[in-house]
Amino acid sequence: MTKPIICRVALAIPLHKQFDYLIPDYIANVANIEQLVGCRVRVPFGGKRQMIGVICELNPPLDYAIDKLKKVTQLIDNSPLLSEKLWSLLRWAAFYYQHPFGDVYQQAIPTALRQGKEATFKGSEHWLLTDKQVNLDELKRAKKQHQALTVLGDLCLSTSALKNQGITRVTLKALQDKGIISPVDKQPQTNINWLESFLESDEKPILTTEQAVAITAVNQQNKTFNCFLLEGITGSGKTEVYLNIIKPILQQGKQVLLIVPEIGLTPQTVQRFQQRFNVPIYLKHSALNAREQLDTWCHAKIGSAAIVIGTRSAIFSDFKNLGLIILDEEHDASFKQQDGFRYHARDFAIKRAHLEQIPILLGSATPAFETLHNALTGRYQHLHLTERAGNAKPPSSSLINLAGLPLKSGLSPQLIELMGKHLEKGNQVILFLNRRGYAPVLMCHECGWLVKCGRCDAFYTYHKSANYLHCHHCTSTLPIPQQCDECGSTQLISTGVGTEQLEETLNQLFPQYSTVRIDRDNTRKKESFNQYLTDINNGTYKILLGTQMLAKGHHFPDVTLVALIDVDGALFCNDYRASERLAQLFTQVSGRAGRAEKRGQVLLQTHHPEHSLLQELVNSGYAEFSRHALTERKMAMLPPFSFQALLRAECENATLAESFLGLCKQVITQITVLNKIDDRLFILGPIPASMERRAGKYRFQLLLQADNRALISKTLQQALPSLDKLPEGRKVRWSIDVDPIDFV
Ligand code: ADP
Ligand code: ZN
Ligand code: ZN
């Protein structure tokens, strides 16, 4: 009898634990034993449930009897799904972010593979006429079917192409039942020999000197790992640099991965790359369906994707021959996943480039302090674009002191007048207000009572057109109350200004110019956001009003005036990253002004014109501000001069959440004492989160800080088994956030 094979499987569950299963003979006999680690399996888990997991180890040492083991139900792959390099990166990430490997693995693969589907192109359903003779006249009364046959004719069309013409699957099914048409599965075209038809378009600008210098620097060192920071002001032509460093990589037959922020991935972005090179480009983002995501994944893996452009999770794509990674707008907060597996795509990307021994370029007008610090200390190579490309000049910026001014929905008379001037010249204006809804609070006019969310430490936002109150923190809604809870008065008034109200005012002030509002409330569908972008570029809209969705990377040539309506809230925030964020936002929003021939102007309205941050931004700009702010971080020993991890716990019962973190602190303290690092690793807390109550739960935090990354990860690694075993941990929801960027 042969020795039974036991495999240790990682499952996507929130436990830092893996499970052992027996591989039954009928599977073992046909499997390639050397290739089992890294294969997906279907296994029974807890009762009747079946789960998909991945084999991490064979024949591990057991501490219980073999006959207790359950059997693997199905071996899904016959060789490891992921490349060795990606596999070891995911192992590293699980360790570094202290997150269960099973969940890391599942998040790294497309949904279809998570569900146990085969790792091959899904193909898509197409329809063809059969040989059956049809008399179209007989179908006259079945109008839809008649139309379907007319559209189809001699063609072979996909279900989705037919749907675009108004022909539903029901109609197709009816025709199939009559034997008139039949479905076929059509595989997508794959072209792994794209290099043979590689072609660069002639339509490209003459490079500026700075662009040429940056491009040469990268291209001379693109055969091995190098991390570059391209710090280029808005409109300086960073994309042109990307295109020029991509070219030699493609010419070597290697693939390129471009990571962009969540809403930076617009058809315009893709078009620019498509127009330059005659190579296959595939996208990876959350609006694709499972089938499309799997197709992109397969194209990258077999090499038929020359370029993959995607958002955060595209960093986990498996490539046949990856040659370069570019991270655009590298400071963007969307690169950090904020729940579950809390990885940072930038850090993962750098680790990946290092392991793959390929170059990586981070591009931004407003580099994150972490990145900037690494560039200034020489760990990354620092490339600069300090001038706008073409004839565009940087915008001029100034402050408007709001003190005592009569405001119309937050607009000062000066701003209104200036808007009029810019609009009269046929230009566009952007107004930026990071507060959606009609008004941030509803208040009793008699006694001052404010309508507060019952589940959060927050007020309800008033949404006028939808006619309800909405909590932006727990998403609960409430009909508009008829009277005050405290005094019974029926005089409830809204205070403060949101984008919905500002839009109303703009329509009254400037009825002759059309206004468009861009915020999450009216761009829920991806297509509507893209449609707005197109219409803005067409000049359909003259006044663009939006939240930070408008700040990112968009190129609007006719915008000459940008105004920030109200940023005062961010000036007095106790999160040490608030000023960095505000500076980035200010600079990015300002960057939308004057990007073409026309000079731009930026106005910032504030009640605190003397505030040093605002003064610095308006007078010197981000580059100077960031260097100065970095020295302050250094004096305070805050990141990037130290490293942090945050333990969070939340529970309906405040005491439970707080005392659980108290126990965590004891465990961690003991470990630091044992390791003699208690003077280097500081533990702060437990303290309430800045929003102590959210969605009915009380939230507490415990902060670890050290001057060395490894101290934190090793300590957490040692503490985790004990933390996992704390019975109190089962009563609360808790998590670890390594390198946190958000303390709300
Ligand atoms: P960034 O991403 O740095 O904000 P873009 O890459 O979007 O800037 O470039 C801004 C504009 O300048 C684009 O319209 C681009 O086509 C143009 N541009 C880039 N490089 C040059 C150049 N060397 N000469 C003329 N125009 C350029
Ligand atoms: Zn009242
Ligand atoms: Zn709420």
Side-chain angles (χ1 to χ4, degrees), residues 395 397-400 402 405-442 461-467 470 493-524 528-529 531-552 554 556-569 585-586 588-590 592-594 598 600-607:
S397 17
S398 51
L399 298 169
I400 294 181
L402 291 179
L405 293 180
L407 302 180
K408 289 206 173 98
S409 293
L411 303 175
S412 63
Q414 288 95 318
L415 176 56
I416 296 173
E417 192 192 329
L418 206 63
M419 283 178 70
K421 286 190 180 148
H422 280 262
L423 291 167
E424 263 167 37
K425 289 192 191 139
N427 296 325
Q428 288 170 318
V429 173
I430 294 185
L431 298 184
F432 172 81
L433 179 62
N434 217 4
R435 204 183 297 125
R436 63 200 165 86
Y438 192 82
V441 209
L442 202 63
T461 300
Y462 172 40
H463 288 254
K464 192 175 178 183
S465 64
N467 196 32
H470 185 195
I493 53 167
S494 63
T495 43
V497 182
T499 47
E500 195 187 349
Q501 183 181 150
L502 190 49
E503 182 185 26
E504 209 177 79
T505 305
L506 288 166
N507 285 331
Q508 287 158 10
L509 287 172
F510 301 101
Q512 67 277 43
Y513 303 108
S514 54
T515 297
V516 62
R517 171 163 63 96
I518 309 267
D519 60 26
R520 253 198 297 149
D521 291 325
N522 63 349
T523 53
R524 292 221 183 272
S528 60
F529 181 54
Q531 188 57 47
Y532 282 135
L533 292 182
T534 311
D535 289 343
I536 290 170
N537 278 315
N538 291 341
T540 311
Y541 300 109
K542 293 298 176 191
I543 304 174
L544 328 175
L545 159 66
T547 56
Q548 60 190 8
M549 290 185 85
L550 262 184
K552 311 222 168 159
H554 307 299
F556 305 127
D558 287 334
V559 170
T560 51
L561 176 64
V562 167
L564 292 91
I565 305 304
D566 176 13
V567 295
D568 287 352
L585 189 71
F586 170 81
Q588 295 289 346
V589 180
S590 310
R592 302 311 116 215
K598 305 168 183 170
Q601 190 173 3
V602 179
L603 281 185
L604 198 154
Q605 300 195 131
T606 177
H607 282 96

With side chains defined as the heavy atoms from C-beta onward, is the minimum distance between Arg517 and Tyr532 less than 4.5 Å?
no
Side chain to side chain donor-acceptor pair (under 3.5 Å) partners of Tyr462, counting only residues at least two apart
none
With a 4.5 Å heavy-atom cut-off, do His422 and Gln601 have their side chains touching?
yes
Nearest heavy-atom approach of Leu415 to Ala563 is CD1-CB, 3.6 Å
At what distance, to the nearest 0.5 angstrom, does CG of Asp535 lie from OH of Tyr541?
5.0 Å
Considering only heavy atoms from C-beta outward, does the side chain of Leu405 approach that of Ile400 to under 4.5 Å?
yes
Distance, nearest 0.5 Å, that separates NZ of Lys408 from OG1 of Thr505
9.5 Å
Check whether Gln605 reaches the backbone of Ile565 with its side chain - one donor and one acceptor, N or O, closer than 3.5 Å.
yes
Walk me through whether Thr461 and Arg436 qualify under side chain to side chain contact (heavy atoms under 4.5 Å, CB included).
CA-CA 8 Å; Thr461 300; Arg436 63 200 165 86; over 6 Å; no
Can you find a heavy atom in the side chain of Met419 that is under 4.5 Å from one in the side chain of Leu431?
yes
Side chain to side chain, Arg520 and Thr547, heavy atoms closer than 4.5 Å
no
Separation between CG (Leu509) and CD (Glu504), nearest 0.5 Å, reads 11.0 Å
To check you understand the geometry: which heavy-atom pair defines the closest contact between Val562 and Ala593, and what is its length?
CG2-CB, 3.5 Å
Audit row: Val497, Leu433, side chain to side chain contact (heavy atoms under 4.5 Å, CB included) steps and yes/no:
CA-CA 9 Å; Val497 182; Leu433 179 62; 4.2 Å; yes
Heavy atoms, side chains only, cut-off 4.5 Å: are Phe586 and Val602 in contact?
yes
What heavy-atom pair brings Pro440 and Gly498 nearest, and what distance separates the two atoms?
CD-N, 4.4 Å
Contact check, side chains of Phe510 and Ile416, non-hydrogen atoms, under 4.5 Å:
yes
Nearest heavy-atom neighbours spanning Ser412 and Leu402
CB-CD2, 3.9 Å
Of all heavy-atom pairs linking Gln501 and Tyr438, the shortest is NE2-O, 2.9 Å
Taking atom NZ of Lys421 and atom OG1 of Thr560, what is their separation to the nearest 0.5 Å?
12.5 Å
Looking at Glu500 and Lys464, does any basic side-chain N land under 4.0 Å from a carboxylate oxygen?
no
How long is the gap from CG on Asp519 to CZ on Arg435, to the nearest 0.5 Å?
13.0 Å
Dump the intermediate steps for side chain to side chain contact (heavy atoms under 4.5 Å, CB included) on Phe432 and Asn434, then the final yes or no.
CA-CA 7 Å; Phe432 172 81; Asn434 217 4; 4.0 Å; yes
If we only count heavy atoms from C-beta on, is the Leu561 to Asn427 side-chain gap below 4.5 Å?
no
Rounding to 0.5 Å, atoms CG (Leu604) and OG (Ser398) come to a distance of 9.0 Å
Would you please test Leu411 and Leu502 for side chain to side chain contact (heavy atoms under 4.5 Å, CB included) and show each step?
CA-CA 9 Å; Leu411 303 175; Leu502 190 49; 3.7 Å; yes
Counting N and O atoms only, with roles assigned by atom type, does the side chain of Asn538 sit under 3.5 Å from a partner on the main chain of Thr540, one being a donor and the other an acceptor?
no
Using every non-hydrogen atom in the two residues, find where Ser590 and Pro395 come nearest and quote the distance to one decimal.
O-CG, 3.8 Å
Donor-acceptor pair, side chain of Gln428 and main chain of Asn537, under 3.5 angstrom
no
